[in-house]
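Both counts, for ligands and for their atoms, begin at 1 and track the order of listing.
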Amino acid sequence: MAIQPIRLFGDPVLRTPAEPVTTFDKELRKLVRDLVDTMQDAPGAGLAAPQIGVGLRVFTYDVEGVVGHLINPTLDLSDEQQDGDEGCLSFPGLAFPCKRAMHAVAKGFNEHGDPVIVEGSELLARCVQHETDHLDGVLFIDKLDPGQRKLAMRAIREADWAGDPVRVKESPHNTYGRAL
Ligand code: NI
């Protein structure tokens with residue numbers, strides 16, 4: 001187990017686009033293990049490498065009992081949409097309705113460099129969209145309707161973690177394992 005501190009909104013690493021992985025080595029496999037351990041400890045449904053301060057295009061997910069990871073993802077999204085609450089481990093305790101594609105096909109690689117496809121609907125589709133956004137420095141608050149975004153920015157200003165960008169292990173995380 002190597003649980004890492006989760007970076008919170010305000011930490012510049014969350015706004016920095018991550019670099020593609022080019023070397024599929026032991027170091028990368030340790031990063032995947034750290035992401036899984038940190039995600040499950042939170043607990044969360046997904047975690048992207050920048051959230052633990054690593055600027056590489058890697059994320060993990062834990063949705064409906066399926067734990068996995070994806071490296072250098074590219075997405076194909078359905079026109080059909082879903083709407084529902086979405087949270088993020090970098091915004092402890094907050095969740096807001098966020099529209100996403102209903103279905104997603106995510107192509108990428110596993111930790112050994114083999115091509116893999118992660119395909120899903122609903123929460124898994126939401127998760128791969130949310131995590132791939134993290135790799136581009138995009139956060140879920142960017143995807144909210146203007147009214148919800150205003151509410152989110154106010155809640156962030158009032159949050160007890162505001163201005164405290166480097167920590168946090170909040171266990172159990174109070175979005176009950178659904179935050180991404
Ligand atoms: Ni997130």
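The side-chain heavy atoms of H69 and R29, taken from C-beta on, include no pair separated by under 4.5 Å. Contact check for I52 versus L31: side-chain heavy atoms found under the 4.5 Å cut-off.
Without hydrogens or angle criteria, R100 side chain to R126 main chain gives no donor-acceptor distance under 3.5 Å.
Of all protein atoms, those of element N, O or S that lie under 2.8 Å from the Ni ion (ligand 1) number 4.
Residue pairs meeting the salt bridge (Lys or Arg N to Asp or Glu O under 4.0 Å) criterion with at least one partner in residues 143-156, sequence neighbours excluded, are K99-D145, D133-K143, D142-R149.
At a cut-off of 3.5 Å, with distance as the only test, a side-chain donor of S90 or Q51 sits close to an acceptor on the other residue.
The structure places CD of Q82 at 6.5 Å from CD of E122, a figure rounded to the nearest 0.5 Å.
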